[in-house]
Q: 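Below is a structure I'd like to ask you about.
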Amino acid sequence: VGIQSKAAQDGAWIKEALPSHKQAAKRPKPEQFEKYLPKLREILERGYVVASKHIKSLTEYFDVEKDNDIQLVYNGTSCGLNGSLWAPNFWLPTAKSAIRVLGFGYFSVDIDLGEMFLNFPLPAILREYSGVDLSPFREALEEILKVKLPARFWVQWVRCWMGLRPSPYMAIRFYYWAEEFARGNPRDKKKHLRWDKVVLNLPGDSSFDPAMPLVYKWDAIAKRIAGDLVAFVDDLRASGYSREHAWAI
């Protein structure tokens with residue numbers, strides 16, 4: 001808990017002066033305007049952004065066509081914010097990571113974590129530099145939300161937002177701690193993710209079995225490759241020796 005609390009307090013790494021970008025947002029083309037509204041309503045109603053009078057810098061945003069709709073892209077680079085921040089590289093699993101937890105006849109379950117980055121709070125020091133100018137949509141949003149909004153309607157992100165340099169590192173770091181907590185004690189006989197030992201199945205060894213992965217965790221109770229969970233950012237793959245085992249994981 002102490003390590004996790006300290007990491008949460010660390011927040012973001014700032015390598016140079018934070019920007020002061022105050023360029024007003026442009027109104028999108030009429031045919032795109034209505035497509036913006038449900039997406040802006042969503043981040044407002046879910047509390048991902050909040051109105052503030054203390055915003056020191058604005059981020060820019062634009063739309064990208066996607067399946068007869070648009071996807072809003074929030075840009076932390078053009079405003080200079082990403083250039084002021086640093087985030088470390090980190091390891092991610094590959095397709096091989098998912099294959100080596102499988103045995104013959106195993107089952108897999110796909111899990112998609114919705115709004116991955118937005119599940120995690122943005123460090124307070126970055127919030128006032130993560131402003132968004134929604135003034136072009138103020139009147140339309142007033143009708144939708146049934147509230148009176150200021151003429152200069154600026155909001156700031158309070159969650160890790162897509163387009164901010166450290167968001168992937170911050171979100172994935174805390175996801176892995178959550179996963180470690182959920183896995184619990186690997187020796188617990190009641191855990192579906194339990195295992196007893198790591199087996200090296202290497203070519204040249206007298207016990208080498210080409211039908212098995214080169215490295216795998218072994219469940220001595222089930223006498224099978226242990227069930228497991230592999231996370232590719234927000235796409236998870238749970239695997240087990242039966243349909244029920246995979247779903248339990």
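In this chain, residues are counted from 1 in sequence order.
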Q: Indicate the atoms forming the closest heavy-atom contact of Ala220 with Lys223, along with that distance.
A: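 Shortest heavy-atom contact: O-CG, 3.5 Å.
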Q: Same cluster or not: Val215 versus Val199, using hydrophobic residues (I, L, V, M, F, W, Y) connected whenever any side-chain heavy atoms lie under 4.5 Å apart?
A: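 Hydrophobic grouping puts Val215 apart from Val199.
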Q: First locate atom CD of Gln23, then atom SG of Cys79, and finally report the distance between them rounded to the nearest 0.5 Å.
A: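 It comes to 10.5 Å.
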Q: Applying side chain to side chain donor-acceptor pair (under 3.5 Å), can you list everything that pairs with Arg152, at least two apart in sequence or on another chain?
A: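 Arg152 satisfies side chain to side chain donor-acceptor pair (under 3.5 Å) with no residue once adjacent residues are dropped.
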Q: Hey, can you pull the donor-acceptor pairs under 3.5 Å for the side chains in residues 155-165, sequence neighbours left out?
A:
from: Arg159; atom 1: NH1; to: Leu118; atom 2: O; distance (Å): 2.6
from: Trp161; atom 1: NE1; to: Ser130; atom 2: OG; distance (Å): 3.2
from: Arg165; atom 1: NH1; to: Asn82; atom 2: O; distance (Å): 3.1
from: Arg165; atom 1: NH1; to: Leu85; atom 2: O; distance (Å): 3.1

Q: If you measure from NZ on Lys15 to OG on Ser84, what distance do you get to the nearest 0.5 Å?
A: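 One finds 8.0 Å between NZ of Lys15 and OG of Ser84.
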Q: With sequence neighbours left out, what residues match Tyr36 under ring-ring contact (aromatic ring centres under 6.0 Å, His included)?
A: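 Checked Tyr36 against ring-ring contact (aromatic ring centres under 6.0 Å, His included); matches are Phe137.
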Q: Could you name each residue pair satisfying ring pair (Phe, Tyr, Trp, His ring centres under 6.0 Å) that touches residues 196-224, not counting sequence neighbours?
A: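 Passing the test, one end in residues 196-224: no pairs.
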Q: Say whether Leu149 and Ile43 are linked into one hydrophobic cluster, either directly or through other cluster members, by side-chain heavy-atom distances under 4.5 angstrom.
A: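 Shared cluster, yes.
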Q: Membership question, hydrophobic clusters at under 4.5 Å side-chain separation (ILVMFWY): are Val132 and Leu18 in the same one?
A: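 Same cluster.
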Q: Taking only residues two or more places apart in sequence, or in another chain, which ones meet Phe90 in a side-chain contact (heavy atoms from CB on, under 4.5 Å)?
A: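 With neighbours one apart ignored, the set is Leu92, Pro168, Tyr169, Ile172.
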Q: Determine the minimum heavy-atom distance between Tyr61 and Pro136, stating which atoms define it.
A: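 Minimum heavy-atom contact is OH-CD, 4.5 Å.
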Q: Tell me whether the count of non-hydrogen atoms from other residues, nucleotides or ligands lying under 6.0 Å of CD in Glu16 goes above 12.
A: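 More than 12 heavy atoms, drawn from other residues, nucleotides or ligands, come within 6.0 Å of this atom.
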Q: If we count only N and O atoms by modelled type, under 3.5 Å, do the side chains of Tyr175 and Glu179 hold a donor and an acceptor together?
A: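 Per modelled atom types, Tyr175 and Glu179 side chains form a pair under 3.5 Å.
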Q: For Glu45, what residues pass the side-chain contact (heavy atoms from CB on, under 4.5 Å) criterion, not counting sequence neighbours?
A: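 With neighbours one apart ignored, the set is Arg41, Leu145.
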Q: Going by atom types alone, do Glu60 and Tyr74 pair a side-chain donor with an acceptor below 3.5 Å?
A: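 Side-chain D/A pair, Glu60 to Tyr74: absent.
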Q: Just to verify, what does Phe120 make a ring-ring contact (aromatic ring centres under 6.0 Å, His included) with, not counting sequence neighbours?
A: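 With sequence neighbours excluded, Phe120 shows a ring-ring contact (aromatic ring centres under 6.0 Å, His included) to no residue whatsoever.
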Q: Would you check if Phe117 and Met170 make a side-chain contact, meaning some heavy-atom pair closer than 4.5 Å?
A: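 No, too far: nothing below the 4.5 Å cut-off.
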Q: Say you draw a straight line from CZ of Arg243 to OG of Ser108; how long is it, rounded to the nearest 0.5 Å?
A: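 It comes to 11.5 Å.
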Q: Tell me, please, which residues at least two apart from His245 pass side-chain contact (heavy atoms from CB on, under 4.5 Å).
A: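 Partners of His245 under the side-chain contact (heavy atoms from CB on, under 4.5 Å) test: His192, Tyr241, Ser242, Ile249.
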Q: Only pairs under 3.5 Å count here: list side-chain donor-acceptor contacts from residues 224-238, not counting sequence neighbours, and write none if there are none.
A:
from: Asp228; atom 1: OD1; to: Arg183; atom 2: NH1; distance (Å): 3.2
from: Asp228; atom 1: OD1; to: Arg183; atom 2: NH2; distance (Å): 2.8
from: Asp228; atom 1: OD2; to: Lys217; atom 2: NZ; distance (Å): 3.0
from: Arg237; atom 1: NE; to: Asp110; atom 2: OD1; distance (Å): 2.5
from: Arg237; atom 1: NH2; to: Asp110; atom 2: OD1; distance (Å): 3.1

Q: Among pairs that include at least one residue of residues 61-75, which meet salt bridge (Lys or Arg N to Asp or Glu O under 4.0 Å), considering only residues two or more places apart or in two chains?
A: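 Passing the test, one end in residues 61-75: Lys39-Asp69.
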Q: Determine whether Ile144 and Val49 fall in the same hydrophobic cluster, where Ile, Leu, Val, Met, Phe, Trp and Tyr are linked whenever their side-chain heavy atoms lie under 4.5 Å apart.
A: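 Yes, one cluster joins them.
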Q: Which residue pairs pass the side chain to side chain donor-acceptor pair (under 3.5 Å) test with at least one member in residues 87-96, sequence neighbours excluded?
A: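 Listed by first then second residue: nothing to list.
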Q: Does the pair Asp133 and Trp154 meet the rule for a side chain to side chain donor-acceptor pair (under 3.5 Å), with working shown?
A: CA-CA 5 Å; Asp133 179 16; Trp154 288 6; 3.3 Å; yes
Q: Excluding sequence neighbours, so at least two apart, what forms side-chain contact (heavy atoms from CB on, under 4.5 Å) with Leu202?
A: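 side-chain contact (heavy atoms from CB on, under 4.5 Å) check on Leu202 returns Leu200.
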Q: Are any of the side-chain heavy atoms of Leu40 and Leu72 separated by less than 4.5 Å?
A: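 A side-chain contact exists here, since the closest heavy-atom pair is under 4.5 Å.
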